[in-house]
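Structure first, commentary second.
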Amino acid sequence: MISVSDPAEIPNIYSFSGKFPKSDFYRALSFYVKGKAIPGLFATQDENIHRLLKRPIAGMYSMTSLVSYEPHVDSTIRAFFNELDIRFVRTGEVCNLHDWLQMFAFDVIGEITFSKRFGFLEQGKDIEGIMGSSWRYFSNASLISQMPWLDYIWVKNPILQRLRKAKINPIVAFARTRRAEHEKEVANSFDIADENAEANKNRDFLTRFMEVERKDSATPAWAVNAWATSNITAGSDTTAILLRTVLYNLIKHPSSLAALRRELSSHGIDEHAVVTWKRATNLPYLDAIIKEAGRMHPPFGLPYERVVPAGGAMICGEQIPPGTVVGISAWVVHRDYEIFGKDSDVWRPERWTEASEEVRRKMEGALLTFGAGHRSCIGKNISYLEIYKLVPTMVGKYDIEFADGIGNDWKVDNKWFTKQTGLNVRLKHHSAKS
Ligand code: HEM
């Protein structure tokens, strides 16, 4: 695999026409049952399946649809704060924010997708091994995706798959149960002709996916489950990582936190209500903080691999033969001195607010947090909805400090619920004077 570091090659490799297809890296990330791939929007290498899956649902992830999911995010934020208040503010106990942000991220996407949280927040722990299985899946995938041949021999081998007992991924199982419940509810109450009525405007993703299935007979039987499952697998850990990066850096850099608080109070946002999406998107420093977090610590850590198409391609002035796997790592281009400046290794949200229009455009063009081009992230707006609301509301409500006083660098063991994290914090209610 050729790892390309020149940001100028982003529009070439990740074009909107999608001329470089996804490599076998993504096969290693697909779910397989009995030797057969379960198609998914994220991992499919088949452009026909991708079109079939994306076209009917793309509008559900658009900017204009966002506000309709807002009440789901608000209720999960309130549930999150309720738990933080009871368990940590009142008791003075140390809060492992690393884990709690992950529980928030899972529960909020569960709520938006199914109108039902997984229940991690209320229980304060992993349920049915869902987060544990996600951790194992991604830690295995980080190795196996680098050796797709090994994956084929050992994991996806159709003969071995037939011999093994089929295990259902707990996220897939959760999605199936919610679907069965929805089917019952819809059969009982939902008026198909009235889906645009006021009462239905905040309906969850699953309800919308099922509407597509009912209206379009070309929808394959597996599509609703594939859509629902990909919301959770692609949209929970990723959002948790970005949230951790934002909060870690705000606690680590009090000047950034103070600047954000100044921005919030200059916009009259210091009350304790959940900040609305409309107000959150008018806060340039908040925007800079979230962009800087995505730049410093992009949640998707490996190069997004693509295959050079027939005829070959010119990349960085070299003629690369067809079939070669190439990829750009966000972790590499996000530290490019020419684009982001000589201080690109340090946290400095001001680089986004102080930059000229031209420099800012260049930086945004090199930002691969959510990928680029034809296969970029469909859920970017959804995760922004969650993050843009949670971060200002949380810093308005709490004073947060590292339990060890300094915030050791993150160190996560290869298991869920580790205690070794620089995000062990103490929380108290924020008073404007402190
Ligand atoms: C901070 C949060 C997130 C990050 C950093 C992130 C990152 C990414 C990246 C880098 C890609 C493209 C990978 C590639 O080119 O191979 C991608 C694709 C995708 N993401 Fe996200 N994502 C996030 C949140 C979400 C959410 C909330 C959802 C769903 C609600 C989602 C659903 C998807 C899907 C379905 C794809 C595949 C799109 C396609 O191939 O057309 N993501 N994401």
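All ligand and atom numbering here is 1-based and tracks the order in the structure. The residues of the chain are indexed from 1 along the displayed sequence.
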Suppose I only count heavy atoms of [X] and a 4.0 Å limit; which atoms of ligand 1 are within that range?
X      : value
Ser376 : 38 (C)
Lys22  : 14 (C), 16 (O)
Thr369 : 5 (C), 7 (C), 10 (C)
Thr239 : 1 (C), 2 (C)
Gly371 : 10 (C)

Identity and distance of the protein heavy atom lying nearest [atom]:
atom                    : result
atom 28 (C) of ligand 1 : Gly379 CA, 3.5 Å
atom 39 (C) of ligand 1 : His50 NE2, 3.3 Å
atom 20 (N) of ligand 1 : Cys377 SG, 3.2 Å
atom 29 (C) of ligand 1 : Asn231 OD1, 3.7 Å
atom 26 (C) of ligand 1 : Gly235 CA, 3.3 Å
atom 35 (C) of ligand 1 : Ile378 CG2, 3.4 Å
atom 6 (C) of ligand 1  : Phe370 CD2, 3.7 Å
atom 37 (C) of ligand 1 : Phe42 CA, 3.5 Å

To check you understand the geometry: which heavy-atom pair defines the closest contact between Gln45 and Lys22, and what is its length?
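Smallest interatomic distance, heavy atoms only, reads NE2-O, 3.4 Å.
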At under 4.0 Å between heavy atoms, what of Pro299 touches ligand 1? The answer is side chain
Please state which part of Thr238 comes within less than 4.0 Å of ligand 1, counting heavy atoms only: side chain, backbone, both or neither.
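Under 4.0 Å from ligand 1, Thr238 contributes backbone and side-chain atoms.
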Pi-cation contact, Phe340 with Arg295 (under 6.0 Å, within 45°):
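Cation-pi check for Arg295 and Phe340: passes.
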Does the structure place the NZ or CZ of Arg178 under 6.0 Å from the centre of the six-membered ring of Phe174, at an angle of no more than 45° from the ring's axis?
yes
Taking the side chain as every heavy atom from C-beta outward, state whether [X] and [Y] have any pair of such atoms under 4.5 Å apart.
X      : Y      : answer
Ile315 : Ile2   : no
Phe300 : Thr238 : no
Lys397 : Phe81  : yes
Leu53  : Trp222 : yes
Phe370 : Tyr384 : yes

Looking only at N/O atoms, are [X] and ligand 1 under 3.5 Å apart anywhere?
X      : value
Arg306 : yes
Tyr304 : no
Arg375 : yes
Leu41  : yes
Tyr26  : yes

Ring geometry between Phe118 and Phe120 (parallel below 30°, tilted from 30 to 60°, perpendicular above 60°)
parallel
May I ask you to decide if the ring planes of Trp331 and His297 are parallel, tilted or perpendicular, using 30° and 60° as cut-offs?
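Correct class here is perpendicular.
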Is the shortest distance from a Lys or Arg side-chain nitrogen in Lys19 or Glu47 to a carboxylate oxygen in the other one below 4.0 Å?
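Answer for the salt bridge query: no.
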Are Arg261 and Asp399 ion-paired here, with the side-chain N under 4.0 Å from a carboxylate O?
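A salt bridge is present here (some side-chain N lies under 4.0 Å from a carboxylate O).
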Just to be sure I'm reading this right: ignoring hydrogens, which of Ala234, Ala58, Ala293 gets closest to atom 25 (C) of ligand 1? Compare them by their nearest heavy atoms.
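Checking each option, the heavy atom nearest atom 25 (C) of ligand 1 is found in Ala234.
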Measure from the ring center of Phe42 to the ring center of Tyr26 and say whether it is less than 6.0 Å.
yes
Applying a strict 4.0 Å limit to heavy atoms, is Ile109 in contact with ligand 1?
yes
Quick one: does Lys380 get a heavy atom under 4.0 Å from ligand 1?
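It does not, in that no heavy atom of Lys380 comes within the 4.0 Å cut-off of ligand 1.
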Which residue, Leu286, Thr276, Asn381, forms the side chain to side chain contact (heavy atoms under 4.5 Å, CB included) with Tyr388?
Leu286
